[in-house]
Amino acid sequence: MRPAARPPLVVIAHGSRDPRHAETVRALTRRVRAARPGLRVETGFLDFCAPSVPQVLERLAAEGVRETVALPLLLTRAFHAKADIPAVLRDAPSRLRITQADVLGPSPLLVATLERRLTEAGLRPDDRASTGVVLASAGSTDPEARAVIADIAREWRRTGWRAVRPAFASAALPRTEDAVRALRAEGVRRIAVAPYVIAPGFLPDRIARGAREAGADVLAPVLGAAPELAELLLRRYDEALLPARRLVSV
């Protein structure tokens, strides 16, 4: 007897007018498929890009799928995770049972991805003690989300960096350029900016401009389709299918 098919994974991305955003999300989901052959992985967008989340869910239901896992491609539990995505899922076809997975962060795998990107940008292990890092996130009005970014910076600092400071591209302060200048004023010799965002777009471009304007020495790429990120998506998928999680399906 064949084992029961695993529920499809629906990755819910924010969406952007910038085509690099969708390209990056799709590259990430391709890596997820390659890491777990046989798992159906679909991508839906909240805005700007196609297909939309409702279109993906309608198609699955029309094909006879009865259960799926919806995974927010988000780094913190802010407005989209708490309000937008649950609202979209509540409007899904009633015959489709949906379990909403947790957001991606915080996770050691995200920190590992940040480390990967800084290494790719040119930092070496022996640069660590003399380098200050600006952990630059998109920003949020949600205090829980901002507190998570501050906690990540605090814990990451303990791994040997000279300093790690949070910064925000919108909705909160300090901005990337302000954090870079503050570190420079404190005498930090080398400053790296690590964008804590998944895909390119308007806010990541703002982070990059701030880094350049303030004279950061290193600017890492966005997290993108890193293998650690693909592993994290699959981990959140598996966690969502644990019995205790499935009791709180949408």
Side-chain angles (χ1 to χ4, degrees), residues 3-105 107 110 138 197-204 222-227 229-242 245-250:
R6 301 277 278 176
L9 168 61
V10 177
V11 176
I12 300 178
H14 184 277
S16 171
R17 292 186 177 89
D18 189 324
R20 297 173 298 166
H21 176 91
E23 290 168 6
T24 301
V25 171
R26 293 188 175 111
L28 176 59
T29 53
R30 285 195 297 271
R31 189 181 282 274
V32 172
R33 290 188 195 98
R36 187 161 301 179
L39 174 62
R40 181 173 180 177
V41 182
E42 300 284 347
T43 305
F45 296 90
L46 292 173
D47 208 351
F48 303 118
C49 305
S52 68
V53 177
Q55 287 171 335
V56 172
L57 299 177
E58 289 281 358
R59 184 174 71 243
L60 289 173
E63 293 174 8
V65 174
R66 292 295 174 262
E67 182 180 7
T68 189
V69 173
L71 194 160
L73 196 63
L74 301 171
L75 299 176
T76 59
R77 273 185 48 79
F79 183 79
H80 290 304
K82 294 176 178 179
D84 284 350
I85 291 175
V88 169
L89 298 183
R90 282 194 296 269
D91 289 339
S94 59
R95 59 190 179 279
L96 186 62
R97 183 172 183 264
I98 304 172
T99 300
Q100 183 176 333
D102 287 335
V103 298
L104 299 178
S107 168
L110 289 171
V197 290
I198 293 172
F202 176 76
L203 293 179
V222 298
L223 301 176
L229 200 54
E231 181 183 346
L232 181 55
L233 264 68
L234 288 170
R235 184 173 297 182
R236 293 291 185 254
Y237 171 83
D238 292 337
E239 291 167 351
L241 291 175
L242 294 173
R245 286 283 302 157
R246 297 176 89 169
L247 292 175
V248 293
S249 300
V250 175

So, do V222 and I198 sit near enough that their side-chain heavy atoms are less than 4.5 Å apart? no
Got a sec: does the CZ of R33 have more than 12 other heavy atoms crowding it under 6.0 Å? yes
Audit row: V65, L96, side-chain contact (heavy atoms from CB on, under 4.5 Å) steps and yes/no: CA-CA 7 Å; V65 174; L96 186 62; 4.0 Å; yes
Taking only residues at least two apart or on different chains, which pairs with a member in residues 43-53 satisfy side-chain hydrogen bond (donor to acceptor under 3.5 Å, both in side chains)? S52-Q55
Would you compute the distance between atom CG of L28 and atom CG of L73 and round it to the nearest 0.5 angstrom? 6.0 Å
Between R236 and E239, is there a side-chain N and carboxylate O pair less than 4.0 Å apart? yes
Tell me whether T29 contacts the main-chain N or O of R26 through its side chain, where contact means a donor paired with an acceptor under 3.5 Å. yes
For the side chain of Y237 and the backbone of A101, is there at least one donor-acceptor N/O pair under 3.5 Å apart? no
Contact summary for G105 and L110, nearest pair of heavy atoms: CA-CD1, 3.5 Å
Decide yes or no for R40 and V10: does some side-chain heavy atom of the first lie under 4.5 Å from some side-chain heavy atom of the second? no
Contacts of V88 that satisfy side chain to side chain contact (heavy atoms under 4.5 Å, CB included) - sequence neighbours left out: L46, V53, P54
Partners passing side chain to side chain contact (heavy atoms under 4.5 Å, CB included) against R95 (at least two apart in sequence or in another chain): A61, R66, P93
Spacing of L60 atom CG and I98 atom CD1 [to the nearest 0.5 Å]: 9.0 Å
If you look at every heavy atom in L229 and G224, which pair is closest and at what distance? CD2-O, 3.0 Å
Exam field: side chain T68 to backbone P8, donor-acceptor pair closer than 3.5 Å: yes
Mind telling me whether H21 and H14 have parallel, tilted or perpendicular rings, with 30° and 60° as the class edges? perpendicular
Flag, side chain of R77 to backbone of K82, donor-acceptor distance under 3.5 Å: no
Nearest heavy atoms of L104 and P72, plus distance in Å: CG-O, 4.2 Å
Nearest 0.5 Å, what's the CG-CG distance between D91 and L57? 10.0 Å
For T24, side chain to side chain contact (heavy atoms under 4.5 Å, CB included) partners two or more places apart: A199, P200
Hits for side chain to side chain contact (heavy atoms under 4.5 Å, CB included) against D238, two or more places apart or cross-chain, chain-then-number order -> R6, R36
The criterion is side chain to side chain donor-acceptor pair (under 3.5 Å); which residues satisfy it with R235, sequence neighbours excluded? E231
When rounded to the nearest 0.5 angstrom, what is the spacing between CG in L74 and CD1 in I12? 8.5 Å
side-chain contact (heavy atoms from CB on, under 4.5 Å) evaluation trace for V69 with L241: CA-CA 8 Å; V69 173; L241 291 175; 3.6 Å; yes
Do you know which two heavy atoms are closest between F45 and A22, and how far apart they sit? CZ-CB, 4.0 Å
Here the pair of heavy atoms bringing L232 nearest to S107 is CD1-OG, 3.6 Å
Is it true that a side-chain atom of R31 and a backbone atom of A225 form a donor plus acceptor pair closer than 3.5 Å? yes
With rounding to the nearest 0.5 Å, note down the distance linking CG in L71 to CG in L233. 5.0 Å
